[in-house]
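None of these values were measured; they are calculated from a predicted model.
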Amino acid sequence: MRLGVIADDFTGAVDIAGFLVAGGMRTVMCSRAVQTGDCDAIVMSLKIRSIPKEQAIKQALASLAFLKECGCDRFYYKYCSTFDSTAEGNIGPVADALRQALHCSATLICPALPVNKRTVFHGYLFVNDELLSDSPMRHHPLNPMHDSKLARILSSQSPAKNGHVYHDVIKRGSDVVRQAIDGLKDEGVNNIIVDVVDDEDLTCIAEATQDFALVTGGSGLAQGITEVWRRTEKRGGNEAAFIVEKRKAVVIAGSCSAMMQKQVAYYKKHAPSLSIDEQACLDDPEYGKNVATWVLDHQDQDLAPLVYATRSPIELEENRKKFGDVDVSSAIEHLFARLTALLAEKGVQTFIVGGGETSGVVATTLGVDAYRIGAQIDPGVSWVRSLDGTYQLVLKSGNFGSEQFLLKAQEMYDGNT
C-alpha cells in the first residue's frame, strides 16, 4: 500500500502527517505536484475547506490525479475533526467527487480523534464531552457549527445516501463491522458513518475497511490504519526527521477558537505580544511594515514575539457591529501575508502559526511546496521543515494543543523534548 492523502487545509495536513510518521510511515507533505522520492505516504496540503465547492472539487480531483501518478493505491480525504463545513459543503461534495472518480460505491465518514476528545456516538459528533453544536465551534467565525448529527450535515450538502455503524456493533470486532458495512453497501449506502469513542475503535474500523480505496475523516483514522499497516509490514515508529534549531522567530495567531484564546492569554504572560489593529489593517498601507519592525525589534528575547488577531466571541460581535459588511478577515489575512514576506526578507526562518486559514497564508507566502515532518509537539501538531531546510514551521489548528503549547513548541529547540 502507498497511501495518498488529500487534506483540506495546511494544519490538517500537518495533523495527519504527524500521525502517519508516528505510526511508522515515511511521509512527505506537499502543496503542489513535486518529486516526492521514496515514501510510504504522500499528504497533499490544500486550502479548500471554505472556498466555493466547485473550486474545492477541482483541486481535490487534481490532487487525486497527482497521487495516482505517484503510485498511490489507497486514498484518504482528510477534513477537520470538528467537521467544519457549511450547508453547501465542502465535505460532502468533495467526498462524492473523489468516490465517483475512484468508482467506489461507498466510503467511510470518520471525523473522530479520541486523543483530542473528538468522538462520535450514534452518529452525533462530540467535542470535549459536549455536542458539537453546544461546543465553542458554534461561534466559529467562518463555519459556525449548529448541528451535531453527521448524517443531517451531509444530507444538506449532498444527495448521497447515509448510513451508520453504531458503537454496539463496533465493540464486537472487525468481522462484525465488516458484515455491517457489507449490509449497508447492499442497501445502496454511499457514506458509512462510524461511531468511535476510543483508539481501539479506530483500529477495529481500519481492519474492517482495509479493502476501501477511499476513506474520509479526521486524522484519528490514520492511527488505526498505521497500526494495521505495521502488522503487515512489520515496521516500527520513525525517528524525527530533523532537529528544530533556535533561529529568528515569530508567533502568529489568527484563530479565534476557545483553545487559541487560552494559548494566547497564557503566552502573553511570558513573551512580548502585539494585538492586531483591525482599523489599521483596513486603512494604513504601512501597517504591515510597522508590525514587522516591532517583531524584529523583539528578537533579543528568549521567546518569540507574538502577533495575534485572536478575539473572544464578544469581541468578534463588537467588530461585526463596528465594521458592518467590511471583510475584516480578508484584511487581516493580507496583513499576515505582508508581515510574513517582510519578516522572511529580514531573515526570520521560524514561524509558529495558530489557525488553519492563517497557516495557509503563511505557508503560501513563504512559497514552501514540500515539507519534512518532525517531532510531535502535542497530538495533531508537529514541527515541519521545508525540504531545502530554509524554514521551520508549526502550522497548528486553532483547536489543538495544550494551554502551554506556544511555549512547549519552543522548548524543543536543539533536540529538547
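- Considering CD of Q301 and CD of Q299, their distance stands at 9.0 Å, rounded to 0.5 Å.
- Considering OH of Y308 and OG of S273, their distance stands at 5.0 Å, rounded to 0.5 Å.
- The stretch residues 120-149 participates, sequence neighbours left out, in these salt bridge (charged side-chain N to carboxylate O under 4.0 Å, His left out) pairs: D147-R152.
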Can you give each donor-acceptor pair under 3.5 Å made by side-chain atoms of residues 334-343, sequence neighbours left out, with the distance rounded to 0.1 Å?
unit_1	atom_1	unit_2	atom_2	d
H334	ND1	S330	O	3.1
T340	OG1	F336	O	2.8

Can you give the donor-acceptor pairs under 3.5 Å from side chains of residues 242-249 to other protein atoms, not counting sequence neighbours?
unit_1	atom_1	unit_2	atom_2	d
E245	OE1	R247	NE	3.1
E245	OE1	R247	NH2	3.0
K246	NZ	D302	O	3.1
R247	NH1	G389	O	3.3
R247	NH1	T390	O	2.9
R247	NH2	G389	O	3.3
K248	NZ	K346	O	3.2

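- With sequence neighbours excluded, the residues satisfying side chain to side chain contact (heavy atoms under 4.5 Å, CB included) with L316 are C256, R311, R320.
- Using the six-membered ring where Trp is involved, H164 and Y166 have ring planes that are parallel, under 30° apart on the 30 and 60° scheme.
- Among residues two or more places apart in sequence or in another chain, the salt bridge (charged side-chain N to carboxylate O under 4.0 Å, His left out) test is passed with D168 by none.
- Looking at V251 and Y267, their side chains come closer than 4.5 Å, going by heavy atoms from C-beta outward.
- When side chains are defined from C-beta on, V196 counts as touching P114, because their heavy atoms get closer than 4.5 Å.
- Side-chain contact check for V215 versus C110: every heavy-atom pair is 4.5 Å or farther apart.
- Rounded to the nearest 0.5 angstrom, L108 CG and I192 CD1 are separated by 6.5 Å.
- For K58, the side chain to side chain contact (heavy atoms under 4.5 Å, CB included) criterion is met by no residue, not counting sequence neighbours.
- Using a distance-only test at 3.5 Å, with no hydrogens or angles considered, a donor-acceptor pair links the side chain of T310 to the main chain of S255.
- Annotation: side chain of I352 is in contact with side chain of L406 (closest heavy-atom distance under 4.5 Å).
- Taken to the nearest 0.5 Å, the OG1 atom of T11 stands 8.5 Å off from the NZ atom of K396.
- Counting heavy atoms from C-beta on, the side chains of I6 and Y76 never come closer than 4.5 Å.
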Donor-acceptor list for residues 115-126 side chains, cut-off 3.5 Å, not counting sequence neighbours:
unit_1	atom_1	unit_2	atom_2	d
N116	ND2	P379	O	3.2
R118	NE	S81	OG	3.3
R118	NH1	N116	O	2.7

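- Proximity of a side-chain donor or acceptor of Q263 to a complementary backbone N or O of G401 within less than 3.5 Å is detected.
- Between S50 atom OG and D84 atom CG the span is 7.5 Å, to the nearest 0.5 Å.
- Applying the side chain to side chain contact (heavy atoms under 4.5 Å, CB included) test to Q100 and every residue at least two apart in sequence or in another chain returns D96.
- Evaluation of the salt bridge (charged side-chain N to carboxylate O under 4.0 Å, His left out) test over residues 351-362, restricted to residues two or more places apart or in two chains, returns K47-E357.
- Applying the salt bridge (charged side-chain N to carboxylate O under 4.0 Å, His left out) test to pairs two or more places apart or on separate chains, those with a residue in residues 6-22 are D8-R49, D9-R49, D15-K78.
- By the side chain to side chain contact (heavy atoms under 4.5 Å, CB included) test, S133 is found to be paired with L131, S148, residues two or more places apart in sequence or in another chain being considered.
- Applying the salt bridge (charged side-chain N to carboxylate O under 4.0 Å, His left out) rule to pairs touching residues 373-386 yields D378-K408, sequence neighbours excluded.
- The CG atom of D369 sits 4.0 Å away from atom CZ of R32, with the distance rounded to the nearest 0.5 Å.
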